[in-house]
There are 2 protein chains.
Amino acid sequence: MSEVTRRPMMNLEDIAQLAGVSRSTVSRVVNNDPRVREQTRQHVLKVIAEHNYIPNIAARSLVTQRTQLLGLYIPYFVSDLFTDPYFPMLIQAITTRATEQEYDVMLWLRGSSISPDHFHQRVLDNRMVDGLILASTSRGDRLAQRLLERGQTFIVNGRPWENADEMNYVDTANVEGAQQAVEHLARLGRRRIGTITGRMDVISGYDRLTGYRQALERLDLPYDPALEVQSDFSETGGYLSMRRLLQQRPDAVFVASDHMAVGALRAIHEAGLSVPDDIAIVGFDDMPFATLAATNLTTVRQPVQRLGYLAAEGLIGLLEGKFTPPYQVVLPTQLIVRDTCGFPA
Amino acid sequence: MSEVTRRPMMNLEDIAQLAGVSRSTVSRVVNNDPRVREQTRQHVLKVIAEHNYIPNIAARSLVTQRTQLLGLYIPYFVSDLFTDPYFPMLIQAITTRATEQEYDVMLWLRGSSISPDHFHQRVLDNRMVDGLILASTSRGDRLAQRLLERGQTFIVNGRPWENADEMNYVDTANVEGAQQAVEHLARLGRRRIGTITGRMDVISGYDRLTGYRQALERLDLPYDPALEVQSDFSETGGYLSMRRLLQQRPDAVFVASDHMAVGALRAIHEAGLSVPDDIAIVGFDDMPFATLAATNLTTVRQPVQRLGYLAAEGLIGLLEGKFTPPYQVVLPTQLIVRDTCGFPA
DNA sequence: ATCCAAAATGGGAGCGCTCTCACCATTAGT
DNA sequence: ACTAATGGTGAGAGCGCTCCCATTTTGGAT
């Protein structure tokens with residue numbers, strides 16, 4: 001079919017012949033085996049370079065049973081990816097660490113045209129990757145469980161909902177982070193502190209709400225369900241939730257993501273109220289846009305890139321036997337005080 | 001090392017034995033070869049399902065010389081990825097189309113810790129992918145040329161700087177799009193139309209400037225070099241460039257990306273000027289954030305997702321002999337009139 | 001029943017690599 | 001001088017699959 005005449009690729013045997021040595025020796029040179037005379041090595045290396053020889057990965061994998069490939073599974077919806085830099089940051093960190101350790105990354109994004117089941121099956125049926133990173137899981141997602149049953153090596157970003165004890169994961173201390181935020185608001189004199197939550201089927205959303213509630217209890221502030229508005233991590237969600245919340249006249253709101261906080265700020269401004277004088281806001285994430293002039297959001301910083309970095313490193317360590325499962329890391333957050341919480345400058 | 005005892009994976013032979021047929025027959029079933037009796041097929045399928053058999057991709061690739069893997073090369077800097085949804089959108093579209101056609105996608109992101117040379121070499125040395133998509137190229141980048149010399153099948157997003165005639169690419173009609181924008185501004189009575197350009201080593205930046213200049217010429221508007229400020233596609237770049245440009249008192253500005261336009265608007269507001277009364281703004285891209293209430297940007301829409309979709313489809317078509325190189329597609333843009341250009345509502 | 005094409009199945013070779021083992025050459029130890 | 005250890009190299013098997021070709025089975029048509 002193709003009009004391009006593909007000259008057959010060189011293989012080990014060809015190079016061996018050209019260099020006047022055996023296949024084994026060429027293989028040793030390629031794999032940096034020390035048991036080759038320096039002179040021979042140089043000569044073989046020269047022949048390899050002259051003929052642009054590149055080893056056939058498939059053949060190597062067939063023998064070694066390893067591909068040096070990591071799978072990255074991102075079950076998120078299209079629209080979230082477009083506006084929220086969380087996943088780009090995570091992807092960046094993961095690929096960077098993987099590349100540093102001589103691994104490549106295969107990407108599975110849930111596309112709109114593919115059914116979740118078919119998508120799961122595709123991931124499960126794939127034997128090309130040595131290990132997997134699940135960028136996120138939501139409650140009721142069976143993928144992690146099924147991977148566990150298959151004996152696949154994988155690591156989850158965000159503590160899994162079920163069987164967390166026997167799984168490898170990296171996570172942020174979301175409960176504590178949310179507590180920090182609420183306690184900070186209380187310290188500044190706020191008493192009617194509301195919250196706009198993330199998705200309740202995502203562990204970080206759930207944990208941040210838990211942190212909010214625990215903080216209220218610890219601070220002896222009255223718990224008022226009307227001050228809790230469930231949302232979905234999106235900018236629009238934050239906007240709409242804040243409009244509802246405003247009717248309860250809160251003097252502060254802990255918003256479970258920066259993205260929602262931007263929407264919340266918009267709603268507040270539209271209502272003719274001012275931040276932080278009328279309402280103090282603390283977000284969560286510390287995304288790049290949090291520092292934009294119009295916003296300058298007080299927020300709880302989570303180390304997204306560090307998380308990605310450790311996920312890749314952890315998975316590779318597990319694969320290479322450097323770590324023993326379960327590999328579990330929970331990183332602390334940091335409160336970043338800016339303009340929206342009313343802290344005197 | 002690993003404490004997990006990995007039971008050896010099933011192979012074709014095992015399944016054949018269990019099903020009481022030959023390896024060949026199982027292979028036919030797995031590959032949907034019609035030359036198998038329906039009864040046999042069902043039986044084999046049952047055995048496969050019972051034992052969770054998954055074919056070994058490496059072994060298959062070794063024979064077929066194909067991996068069903070596409071490489072996606074994104075040479076962009078970290079910070080751009082975090083704030084600009086362009087690449088996430090592109091990645092999404094590419095992976096979606098690839099998945100639909102039974103291909104998987106391998107991702108190469110230039111990480112900060114890896115030198116460009118080493119990164120190129122990594123891509124060049126990789127024989128795992130059937131074909132490559134270069135998400136972007138900048139002037140002087142030798143990768144495309146070297147891939148061409150190697151006989152690799154690849155497709156570039158954005159017309160390549162050199163040897164474009166013999167390369168496969170998808171592109172936006174940037175020149176025409178910029179013309180549209182400037183002509184629209186002129187039609188609304190603006191006469192001192194400035195521009196904030198993108199990076200001049202990226203073809204889209206270059207083309208959009210060309211379009212701006214051509215439009216001025218065609219409209220018989222005076223060309224004033226001081227009204228051209230070179231920038232870099234970033235929000236901060238847009239902000240700083242607009243501050244400089246304001247000294248020239250333009251009554252309209254064509255900003256070569258929405259991202260820069262957001263920065264430009266910020267600079268204008270800071271200067272106490274109003275949009276569109278004092279200055280009309282047209283952006284380029286039509287990114288999701290362009291519609292945000294505070295902005296509602298008039299812009300030139302480019303079909304990013306369609307571009308990604310066609311890049312994947314084109315590459316796969318090329319690989320499978322359905323298309324003959326060169327595969328070259330240039331998609332038209334569309335002017336989206338919103339609030340920032342002063343068009344009466 | 002007989003024949004024959006077509007359908008279905010099996011066997012073997014080989015893809016390009018790694019890895020074990022055997023071998024040869026060199027050097028050191030007695 | 002003879003052995004033993006060491007460093008360097010080669011040969012062969014085999015990873016799990018596809019694909020060609022040979023062989024067997026099947027189901028009409030005669």
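In what follows, every chain begins at residue 1, and chains take the letters A, B, ... in the order their sequences are listed. Hydrogens, waters and symmetry mates play no part in the numbers below; they use all other heavy atoms, side chains included.
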Interatomic distance, [X] [atom1] vs [N] [atom2] [rounded to whole Å]:
X	N	atom1	atom2	value
A:Asn56	D:dC17	CG	P	16 Å
A:Arg28	D:dG8	CZ	C1'	8 Å
A:Arg35	C:dC24	CZ	P	18 Å
B:Met10	D:dC17	CE	C1'	16 Å
B:Arg23	C:dA13	CZ	P	11 Å
B:Asp14	D:dC17	CG	C1'	13 Å
A:Met9	C:dC17	CE	P	11 Å
A:Asn32	C:dT18	CG	C1'	15 Å

Does atom CD (B:Gln17) have a neighbourhood of more than 12 heavy atoms from anything else shown, all under 6.0 Å?
no
So, is [X] near the phosphate of [N], with a side-chain N or O under 4.0 Å from OP1 or OP2?
X	N	answer
B:Asn31	D:dT18	yes
B:Arg37	C:dA8	no
A:Thr25	D:dG10	yes
A:Tyr53	C:dC17	yes
B:Gln65	D:dT18	no

Flag, side chain of B:Arg127 to backbone of A:Ile54, donor-acceptor distance under 3.5 Å:
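Yes; judged by distance alone, with no hydrogens or angles, the pair exists.
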Could you tell me whether the side chain of A:Asp130 and the main chain of A:Arg66 form a donor-acceptor pair under 3.5 Å?
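No, the answer is negative, given that no donor and acceptor are paired below the 3.5 Å cut-off.
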Is there a side-chain contact between B:Arg110 and B:Ile74 (heavy atoms, below 4.5 Å)?
no
Position toward the 5' end of DNA chain C (nearest nucleotide), A:Ser27 or B:Thr40
B:Thr40
If each of B:Val63 and B:Gly20 is mapped to the nucleotide of DNA chain C with the nearest heavy atom, which maps nearer the 5' terminus, i.e. the 5' end?
B:Gly20
What's the angle between the local helix axes at either end of the helix from C:dA1-D:dT30 to C:dT30-D:dA1, using five pairs per end and rounding to 10 degrees?
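The angle separating the two end axes equals 50°.
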Over all strands shown, is A:Val21 touching base, sugar-phosphate only, or nothing at heavy-atom distances under 4.0 angstrom?
sugar-phosphate
Counting any heavy atom closer than 4.0 Å, what does B:Ser24 reach on the DNA or RNA strands: base, sugar-phosphate only, or nothing?
base
Distance (rounded to the nearest 0.5 Å) between [X] [atom1] and [Y] [atom2]:
X	Y	atom1	atom2	result
B:Leu143	B:Thr137	CG	OG1	9.0 Å
A:Ile91	A:Leu109	CD1	CG	6.0 Å
B:Asp165	B:Tyr169	CG	OH	7.0 Å
A:Trp108	A:Leu132	CH2	CG	5.5 Å

Residues of residues 42-52 of chain B with any non-hydrogen atom less than 4.0 angstrom from an atom of DNA chain D: list those, numerically ordered, please.
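Output list: empty, so none.
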CA sep, side-chain torsions, deciding dist, call: A:Gln145, A:Asn163, side-chain contact (heavy atoms from CB on, under 4.5 Å)
CA-CA 8 Å; A:Gln145 190 57 39; A:Asn163 298 84; 3.2 Å; yes
Distance flag, aromatic centroids of A:Tyr73 and A:Phe119, threshold under 6.0 Å
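Yes, the ring of A:Phe119 comes within the 6.0 Å limit of the ring of A:Tyr73, centre to centre.
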Side chain of B:Ser22 only, please: which of C:dC19, C:dT9, D:dT18 is the nearest?
C:dT9
